[in-house]
Asker: 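Can you keep this structure in mind? I'll have questions shortly.
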There are 2 protein chains.
Amino acid sequence: MARVKTAKPYHHGELREALVVAGRKLLEEKGLRGFTLRECARRAAVSHAAPAHHFASIDDLLAEIATLGYHELTAAMTAEARRSGQDPAARLVGQGVGYMAFAAANPVLFQLMFSREANRFETPALAQAAKSAYHLHREAVEAAIPRASAEVKERMVDFAWASVHGFITLVLEGQLGEKDSPRALKARGLAALSAMVEAVVRAGGEPLSA
Amino acid sequence: MARVKTAKPYHHGELREALVVAGRKLLEEKGLRGFTLRECARRAAVSHAAPAHHFASIDDLLAEIATLGYHELTAAMTAEARRSGQDPAARLVGQGVGYMAFAAANPVLFQLMFSREANRFETPALAQAAKSAYHLHREAVEAAIPRASAEVKERMVDFAWASVHGFITLVLEGQLGEKDSPRALKARGLAALSAMVEAVVRAGGEPLSA
DNA sequence: AGATTATCTTGTCATCGACAAGATTGGAGC
DNA sequence: GCTCCAATCTTGTCGATGACAAGATAATCT
């Protein structure tokens with residue numbers, strides 16, 4: 001029995017990773033309701049019970065996929081912010097662009113990450129990954145309004161995140177710009193982003209009106 | 001065979017409505033993944049195949065529930081706007097409050113209405129109900145900035161909706177203000193709302209900067 | 001090499017959505 | 001008042017699913 005790599009071994013070797021990859025693809029194809037463990041197993045070419053040795057339940061696999069999603073989201077935000085230079089306001093816009101780009105490229109995964117169902121299978125790793133993305137955003141907002149009070153900063157963190165998240169969420173669901181071209185849609189997104197940053201900077205530069 | 005009302009008739013009589021009511025409750029209790037037709041049937045005290053005569057599939061029932069949700073959302077927005085007097089800016093805030101209140105009271109239903117899955121079972125009635133809510137919002141924004149250009153109006157409609165929707169969505173998922181009291185959370189929501197309205201009014205009152 | 005553990009298999013169970021076929025009911029037309 | 005028909009609800013079935021059990025195989029440790 002030569003243990004040649006081409007010979008199909010009894011052990012898969014990287015089944016856990018293969019299931020995550022297959023599951024992620026299946027998720028985008030069929031949506032959350034069409035997501036099944038057995039189909040993941042089929043795509044990884046293993047028996048229907050094999051996944052149980054790597055994931056205690058279907059929710060565990062979803063949690064792992066969502067965690068991976070948060071890591072990629074963080075990476076996308078960081079990369080786009082870096083491309084935006086040193087100006088804090090420009091970097092904030094850039095992070096928003098990265099956020100939206102990730103969501104647009106992985107719509108179902110994005111919905112899963114921010115789904116109410118996610119609370120059902122929350123994992124320490126998932127919570128940590130989500131927190132990392134939050135802190136990245138928080139720091140970008142605070143850097144844009146260094147002179148603002150702690151309270152104003154906090155509220156602008158809320159507001160900025162809500163604007164970006166809300167916009168891309170509505171687009172993904174088809175509520176906003178359904179008949180727009182991708183190009184026009186991106187312009188609308190950028191307009192929303194600059195309206196947001198402008199409001200944040202203005203609020204952060206003033207002592208707090210009313 | 002007296003057809004007394006207390007006697008359990010073979011025909012349910014209002015099974016369609018009963019299924020919608022039971023389904024809506026089940027949805028909030030178990031989430032979208034825990035939603036089953038058979039459980040709805042059990043709660044309506046009919047056999048597992050009875051729903052088929054009123055809803056062609058499980059998605060049809062979900063569509064009906066979502067449609068009802070849009071009607072209630074519209075009603076909540078209208079009612080809260082009316083309570084806010086005549087000032088367009090105040091009315092815009094009010095509509096946002098109504099929007100958030102509905103979402104907070106029906107978190108899973110709200111997620112269903114704005115879920116990507118909803119596109120899978122879109123019904124004419126559902127699309128119409130969603131469009132009604134959109135127009136209500138659109139008109140409120142445009143009333144607040146009557147002198148703005150059509151383009152600015154359009155972008156502020158995007159922006160305003162995104163802010164409100166994003167904020168409440170993040171709260172519902174537990175990403176924002178997880179450890180806040182309901183009272184503190186409402187204050188954060190109001191702060192986000194006023195930041196939004198202020199930005200809208202400012203953008204709408206100027207010719208358009210940059 | 002032998003033993004132990006991890007990994008993967010087949011087999012089973014209750015439950016699900018959907019469909020088929022039969023039973024019951026309510027009404028329309030006579 | 002009666003008959004017949006369509007709507008409604010029933011039981012029964014099918015393939016598919018998630019989870020579990022028990023056994024087979026591979027990898028690793030001693």
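Nothing here was measured: the structure is a model prediction, and the numbers come from that model. We name chains A, B, ... by the order of the sequence lines, and we start the count at 1 in each one.
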Asker: Could you tell me whether a side-chain N or O of B/Arg91 sits under 3.5 Å from a main-chain N or O of B/Ala140, the two making a donor and an acceptor?
Answerer: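 Pair absent, no side-chain N/O of B/Arg91 close to backbone of B/Ala140.
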Asker: What's the separation between atom CE in A/Met100 and atom CG in A/Leu185, rounded to the nearest 0.5 Å?
Answerer: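 One finds 9.5 Å between CE of A/Met100 and CG of A/Leu185.
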Asker: Does a side-chain heavy-atom distance below 4.5 Å link A/Phe35 with A/Leu61?
Answerer: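 They are in side-chain contact.
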Asker: At 4.0 Å (heavy atoms only), tell me whether A/Thr36 reaches a base, stays on the sugar-phosphate, or touches nothing.
Answerer: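 Sugar-phosphate only.
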Asker: Please work out which residues in residues 16-33 of chain B have a non-hydrogen atom less than 4.0 Å from an atom of DNA chain D and list them by number.
Answerer: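 Nucleic-acid contacts, sorted: none.
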Asker: When you measure from the side chain of B/Arg116 to the backbone of A/Val108, do you find a donor-acceptor pair of N or O atoms at a distance under 3.5 Å?
Answerer: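 Not confirmed, B/Arg116 side chain does not pair with A/Val108 backbone.
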Asker: What bend angle does the helix from C/dA1-D/dT30 to C/dC30-D/dG1 show across its length, from five-pair end axes and to the nearest 10 degrees?
Answerer: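 What I find for the helix from C/dA1-D/dT30 to C/dC30-D/dG1 is an axis angle of 10°.
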Asker: Can you confirm whether B/Phe167 sits close enough to B/Leu193 that some side-chain heavy atom of one is under 4.5 Å from a side-chain heavy atom of the other?
Answerer: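 Heavy-atom side-chain distance check fails, nothing below 4.5 Å.
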Asker: Less than 4.5 Å apart, side chain to side chain, heavy atoms only: is that true for B/Arg24 and B/Asn106?
Answerer: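 B/Arg24 vs B/Asn106: side chains touch.
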Asker: For DNA chain D, what residues of residues 49-65 of chain A have any heavy atom nearer than 4.0 Å?
Answerer: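 Here the set is A/Ala49, A/Ser57, A/Ile58.
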Asker: Rounded to whole Å, how long is the line connecting atom NE2 of B/His48 with atom P of D/dT10?
Answerer: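 It is 9 Å, rounded to the nearest whole Å.
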Asker: Once you round it to whole Å, what is the distance between C1' of D/dA16 and CZ of B/Arg38?
Answerer: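 From B/Arg38 CZ to D/dA16 C1': 12 Å.
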Asker: Could you verify whether a donor N or O on one side chain and an acceptor N or O on the other, from B/Tyr134 and B/Trp161, lie under 3.5 Å apart?
Answerer: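 Their side chains do not contain a donor-acceptor pair, so the 3.5 Å distance test is not met.
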Asker: If I take atom CD in residue B/Glu14 and atom C1' in nucleotide D/dC9, what distance separates them, rounded to the nearest angstrom?
Answerer: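 Atom CD in B/Glu14 sits about 16 Å away from atom C1' in D/dC9.
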Asker: Can you tell me how far P of C/dG17 sits from CG of B/Leu37, to the nearest Å?
Answerer: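 Going from B/Leu37 (CG) to C/dG17 (P), I get 5 Å.
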Asker: In whole Å, I'd like the distance from the CD atom of B/Glu39 to the C1' atom of C/dA14.
Answerer: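 Roughly 15 Å, once rounded to whole Å.
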Asker: Around A/Arg120, counting heavy atoms of other residues, nucleotides and ligands shown, do more than 12 lie under 6.0 Å from its CZ?
Answerer: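 It does: A/Arg120 CZ has more than 12 such atoms within range.
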Asker: Let me confirm one number: the CD-CD distance from A/Glu28 to A/Gln111, rounded to the nearest 0.5 Å.
Answerer: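 So the gap between those two atoms works out to 10.0 Å.
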Asker: Is the B/Phe110 ring parallel, tilted or perpendicular to the B/Phe114 ring (thresholds 30°, 60°)?
Answerer: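 Tilted: the ring planes of B/Phe110 and B/Phe114 meet at 30° to 60°.
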Asker: If you round to the nearest 0.5 Å, how far is NZ of B/Lys131 from CD of A/Gln175?
Answerer: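 Going from the CD atom of A/Gln175 to the NZ atom of B/Lys131 covers 10.5 Å.
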